[in-house]
2 protein chains.
Amino acid sequence: MTTPKTGSKRNTPQKAAVKHALGEAKGFVSAQQLHQTLKNHGSTIGLATVYRTLADLAVAGEADSLQSKDSEVLYRACTTSHHHHLICRECGLTLEIEAEKLEKWADQVAKERGFSQPSHNIDIFGICAACQ
Amino acid sequence: MTTPKTGSKRNTPQKAAVKHALGEAKGFVSAQQLHQTLKNHGSTIGLATVYRTLADLAVAGEADSLQSKDSEVLYRACTTSHHHHLICRECGLTLEIEAEKLEKWADQVAKERGFSQPSHNIDIFGICAACQ
DNA sequence: GTCTTATTGAGAATGTTTGTCAATAAGCCC
DNA sequence: GGGCTTATTGACAAACATTCTCAATAAGAC
């Protein structure tokens, strides 16, 4: 009762492995894909652990998440600064885009209509030069 | 072989019912919600039919679709012209937004990086005046 | 009315994601 | 190093939305 101890995360080899694998991936990958990759490399990590770790990374701002067309969630390692993505529909190649103008525009539109706590979802898709 | 007959859609009471119910809904609704609403009104429509009809409407441009946080797809009746949405996270109230500038910006960003066939996903969320 | 075939509805099947829970091991104090 | 507490793990089951299957129905055309 005397020790709330709310925020005590532990460092485990599993978390490190997920983080590393996410860093190796070029574009966005699903939890399932990442789990398969890890197992192919000899890891015995559980699927649930991959899901949990990715969700934690997303909350911590160390990964971006995105909904694919097939209703699965895709993750990608990223810098902590806010940005958007230009994604190839063919190969998944992803470029980060800075768009300060856009941020301001979105926030302004929300405020003009009386909406508070604005947030937005902006992603651009296309076919990259290599895939054409 | 002599009759391709690829595009022969039939008009059924079920399709009309889904279309009507979608029009009645204020904001975005899921296929499950719509199915429930229809059943509550006495319809015996099947869940699969609701899904199929909504998918058709989305393809035909008569409905907008959107991925919610809970990984379900939400639909909304709309005009055929291209637009985006400002959505209340609390009550689901939805306003349509015209943003020609934005369209051009998105297409330009894609072309600058060598991407063809650009498309984009832009939605703004917030808490509407009534919900604050 | 008859015929063709798109459509329907009930349930099974799929696939992702989350929950459960006993077993394990990370961090800490001695 | 040894022991303790408890966050974490992994295997599996469960929840969930969505799609598939297929016999039965009915829309549209003649």
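All values reported here derive from a predicted model rather than from experimental measurement. Convention: sequence-line order gives letters A, B, ...; per-chain numbering from 1.
- Counting only heavy atoms from C-beta on, B:N11 has its side chain closest to D:dG28 among D:dG28, C:dT17, D:dT18.
- Rounded to whole angstrom, the span from the CG atom of A:L34 across to the C1' atom of C:dT17 amounts to 15 Å.
- For A:K15 and D:dT8, the shortest distance from a side-chain N or O to OP1 or OP2 is below 4.0 Å.
- In this structure, NZ of A:K69 is placed 14 Å from P of D:dT18, rounded to the nearest angstrom.
- One finds a side-chain N or O of B:T49 lying less than 4.0 angstrom from the OP1 or OP2 phosphate oxygen of C:dG9.
- Spacing between atom CD of A:Q33 and atom P of C:dG15 amounts to 14 Å, rounded to whole angstrom units.
- Taking side-chain N and O atoms only, B:Y51 has a distance below 4.0 Å to OP1 or OP2 of D:dT18.
- In the displayed structure, B:H20 atom NE2 is contacted under 6.0 Å by at most 12 heavy atoms of other residues, nucleotides or ligands.
- In the interface, the side chain of A:R52 is not paired with the base of C:dG19 through any donor and acceptor atom under 3.5 Å apart.
- A:L47 comes within 4.0 angstrom of a base, heavy atoms only.
- Across all strands, B:D70 comes closer than 4.0 Å to no nucleic acid atom at all (heavy-atom distances).
- With rounding to whole Å, B:K19 atom NZ is found 16 Å from C:dT7 atom C1'.
- In this entry the distance linking NZ of A:K9 with P of D:dT6 reads 17 Å, nearest Å.
- A residue-by-residue look at A:E72 and A:P13 shows that A:E72 has its nearest nucleotide of DNA chain C further toward the 5' end.
- At distances below 3.5 Å, not a single donor-acceptor pair connects side-chain atoms of B:S43 with backbone N or O atoms of B:K39.
- Set against C:dT17, D:dT6, C:dT7, the side chain of A:R10 has D:dT6 as its closest nucleotide.
- Between B:R76 and B:E96 a salt bridge is recorded (basic side-chain N to carboxylate O distance below 4.0 Å).
- Atom CD1 of A:I45 is separated from atom C1' of D:dC12 by 17 Å (rounded to the nearest Å).
- Minimum atom distance to the side chain of B:A48 is reached by D:dC20, of the listed D:dC20, C:dT18, D:dT8.
- Note on A:T12: every side-chain N or O is 4.0 Å or more away from OP1 and OP2 of C:dA25.
- With hydrogens and angles disregarded, a donor-acceptor distance shorter than 3.5 Å links the side chain of B:H35 to the backbone of B:I45.
- The residue A:T44 sits close only to the backbone: its heavy atoms come under 4.0 Å of sugar-phosphate atoms, none of a base.
- With hydrogens and angles left out, the side-chain atoms of B:H84 and B:E103 include a donor and acceptor closer than 3.5 Å.
- Of the side-chain N and O atoms in B:Q14, one or more sit less than 4.0 angstrom from OP1 or OP2 of C:dG9.
- We find that CD of A:Q36 is positioned 15 Å from C1' of C:dT16, with the value rounded to whole Å.
- In this structure, A:Q32 atom CD and C:dT14 atom P are separated by 15 Å, rounded to whole Å.
- Residue-environment remark: NZ (A:K19) stays at or below the threshold of 12 foreign heavy atoms within 6.0 Å.
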